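Worth saying up front: this structure is predicted, and the values here are computed from it rather than measured. Along the sequence shown, residues carry numbers from 1.
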Amino acid sequence: MEWRREESFHTYAKPSWILQGQDHVCHGMNERLFPNSNTKLRIMEAWKEYQQKNKDRFLSELLDLLRIPSVSARSENREDMKKCAEAMRQRLLEAGASQATIYSTDGHPIVYAEKIIDPKKPTVLVYGHYDVQPPDPLELWKSGPFEPEIRDGKIYARGSCDDKGQVYMHVKALEIMNHTNSLSTNLKFIIEGEEEIGSPSLAKFVGLHKDLLKADVILVSDTAMISMETPSIDIGVRGLSYIEIEVTGPNRDLHSGVYGGAVANPITMLAKMIAGCHDENNHITIPGFYDDVVEASPAERKLMAAAPFNEEEYKKDLGVAALWGEKGYTTNERTGIRPTIELNGIWGGYTGEGAKTVLPSRAHAKISARLVPNQSSELITRKLLDYFKSIAPAGVTVKTEVHHGGEPYMTPIDSIAYKAAAKAIETSFGKAPIPVRGGGSIPICSLFEKELGIKIVFMGFGLDSDNLHSPNEKFELYNFYKGIETIPWFHRYFAEMSPA
């Protein structure tokens, strides 16, 4: 049995960083891991048969989860967060977890579950999140963000890929292994409800429950592949610094005719301040911003250029006539090894229907910086705050607020866990995955390693074209089922490769 694709996928590929010699790091392991090929075939057929019989139910359960508007950033969704946590707990129990518990936090609940088959066997801790981004702007959705709809072989809904769809692959993989009596590792799950707001409660929880979360590796599916034709594994993610700025001018909104030209307009001043963050080469002008950046060597940049990438297809998919970025770097490099600053939102004055001639009292902006290894989110945040205060023009005052941040993270490619993930993908896809560096951020990675002393392996099955954080977020049905098919192989190989 095979999962057949119904249409072609975007093939512009993913801006990435390929590491030398690692695209075939796990070739030749079949014989050692499965001396009896019939054993491997029987396991594979049992998994596929169970998935084929239950795939419609798997999808129906995911759609039910997607209908819950678990938006962590909004206080009006607090009850929805509790509802989603309870639904996730129930699904884990039904899948075969021996226990599943909801832990209260200062914010939203955390779901923990486990299936321990033998304390002597290796333990895999699966991390994911059930919270989602706000769905705005609603008018750009072709179907309701929390009314999942299947179109052209894709699940359209907020959270379909980030991260309900991807974390649910692990829940169903547990069910398959449990019901086919083929569990080879101990499994633990930690599924939180605050990832999209910086995981403010997670550090405290992890610090208090180190024994509960003890494991040999953390497995995360919250990333993407180059494409289904060119599978890949993220070996690193960028860090994040997120701030908000408020610029205040006069003590009230003013008539733009009576006062215009005599009083500094906060929106104009804010726009100038933001525009000044980049020079004519799109290089970030904030003093000291690049101080700790480790520059890629010519050899590394040459390897990055080998990543499959179709610029014209990339532009076509995004609907842009030209690309933009730091001069001297390719698109792959700009989104993989270079830090960035982006304006995430700006508002002020009158934005309602029709006209209102007003000179506003205040203007606001949300700004994020993506960071690369060796940069500190705390240090960069301080530089951002100091910079905007220092360049404030006379006539306005600047107030800043820190939202959240996280450190860059790199995972070792010579570890047993990475090799198991690579071999699992090779078994499922028929080709070895390419190691790449992702442009997004998962702030909890460095926290887990610091507190638990274990490494993270990324096994994402999304695509960069899945509209994460945007209207019409989607997740390919093929990718959903392919993830469920692949994940059990990771557990099988990790168990086989780990020391007795």
Side-chain angles (χ1 to χ4, degrees), residues 65-92 99-114 125-136 145-146 158-159 162-168 170-171 188-213 218 220-222 237 239-244 344-345 366-368 377-378 381 400-407 409 440-452 456 468-469 473:
L65 285 173
L66 295 173
R67 292 186 179 99
I68 304 173
S70 50
V71 182
S72 54
R74 293 181 173 170
S75 58
E76 60 262 35
N77 293 114
R78 290 193 68 86
E79 291 304 312
D80 297 308
M81 299 299 295
K82 295 177 182 178
K83 180 180 178 181
C84 196
E86 175 57 34
M88 191 65 75
R89 185 188 76 87
Q90 189 62 37
R91 298 292 88 78
L92 283 160
Q99 64 166 291
T101 305
I102 294 177
Y103 287 85
S104 298
T105 72
D106 293 335
H108 300 302
I110 289 174
V111 183
Y112 172 81
E114 65 179 36
L125 175 61
V126 175
Y127 166 83
H129 62 94
Y130 65 86
D131 67 319
V132 300
Q133 285 274 327
D136 310 74
F146 301 107
R158 174 60 84 228
D162 183 18
D163 182 40
K164 289 180 183 177
Q166 294 214 64
V167 75
Y168 206 60
H170 291 272
V171 179
K188 295 181 178 180
F189 290 80
I190 179 171
I191 305 175
E192 67 156 323
E194 296 182 344
E195 195 274 346
E196 299 293 6
I197 56 173
S199 304
S201 302
L202 194 62
K204 181 179 179 181
F205 178 86
V206 173
L208 292 173
H209 298 91
K210 291 183 181 181
D211 289 340
L212 184 72
L213 300 175
I218 300 171
V220 177
S221 292
D222 196 10
V237 291
L240 177 68
S241 170
Y242 199 122
I243 67 168
E244 184 171 329
N344 302 126
K366 294 180 186 289
I367 298 173
S368 65
S377 66
E378 182 178 354
T381 296
T400 58
E401 178 184 355
V402 178
H403 280 283
H404 59 274
E407 307 311 311
Y409 185 83
S441 304
I442 306 179
I444 52 81
C445 292
S446 57
L447 165 69
F448 274 136
E449 182 168 330
K450 178 182 177 181
E451 294 292 335
L452 302 179
I456 289 173
L468 307 187
H469 298 196
E473 180 181 347

Could you tell me the separation between the [atom1] atom of [X] and the [atom2] atom of [Y], rounded to the nearest 0.5 Å?
| X | Y | atom1 | atom2 | answer |
| --- | --- | --- | --- | --- |
| L213 | Y127 | CG | OH | 12.0 Å |
| I68 | D80 | CD1 | CG | 7.5 Å |
| E195 | H404 | CD | NE2 | 8.0 Å |
| S441 | E407 | OG | CD | 10.0 Å |
| F448 | I218 | CZ | CD1 | 5.0 Å |
| Y130 | E194 | OH | CD | 7.5 Å |

Identify the residue among K82, K83, R78, K164 that makes a side chain to side chain donor-acceptor pair (under 3.5 Å) with S70.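 Single side chain to side chain donor-acceptor pair (under 3.5 Å) partner of S70 among K82, K83, R78, K164: K164.
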Any idea which heavy atoms bring [X] and [Y] closest together, and the distance?
| X | Y | value |
| --- | --- | --- |
| L66 | F146 | O-CD2, 3.6 Å |
| G128 | D163 | CA-OD2, 3.4 Å |
| I197 | S72 | CG2-OG, 3.7 Å |
| A85 | P109 | CB-CB, 4.0 Å |
| N344 | S368 | OD1-OG, 2.9 Å |
| S241 | T381 | OG-OG1, 2.6 Å |

Is [X] reaching over with its side chain to a backbone N or O of [Y], donor-acceptor style, under 3.5 angstrom?
| X | Y | value |
| --- | --- | --- |
| R158 | P134 | yes |
| T105 | G107 | yes |
| E451 | G207 | no |
| Y409 | I456 | yes |
| N77 | P69 | yes |

[Y] and [X], any side-chain heavy atoms less than 4.5 Å apart:
| X | Y | answer |
| --- | --- | --- |
| H403 | K366 | yes |
| Y103 | I190 | no |
| L125 | L452 | yes |
| M88 | F189 | no |

Kindly write out the residues that satisfy side chain to side chain donor-acceptor pair (under 3.5 Å) with E114, not counting sequence neighbours, or none if the list is empty.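 Listed in chain order: Q99, Y112.
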Contacts of H108 that satisfy side chain to side chain donor-acceptor pair (under 3.5 Å) - sequence neighbours left out: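 Partners of H108 under the side chain to side chain donor-acceptor pair (under 3.5 Å) test: none.
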From the options V132, D222, D131, V167, select the one residue that forms a side-chain contact (heavy atoms from CB on, under 4.5 Å) with D162.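 The residue from V132, D222, D131, V167 that satisfies side-chain contact (heavy atoms from CB on, under 4.5 Å) with D162 turns out to be D222.
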Can you confirm whether E401 is buried at CD, in the sense that more than 12 heavy atoms of other residues, nucleotides or ligands lie under 6.0 Å from that atom?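 Atom CD in E401 is packed in, count exceeds 12.
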Should R91 and Y168 be marked as a side chain to side chain contact (heavy atoms under 4.5 Å, CB included) after you check the CA-CA gap, both sets of side-chain angles, and the distance that decides it? CA-CA 9 Å; R91 298 292 88 78; Y168 206 60; 3.2 Å; yes
Do R89 and E86 sit within salt-bridge range, that is, some charged N less than 4.0 Å from a carboxylate O?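 E86 and R89: salt-bridged.
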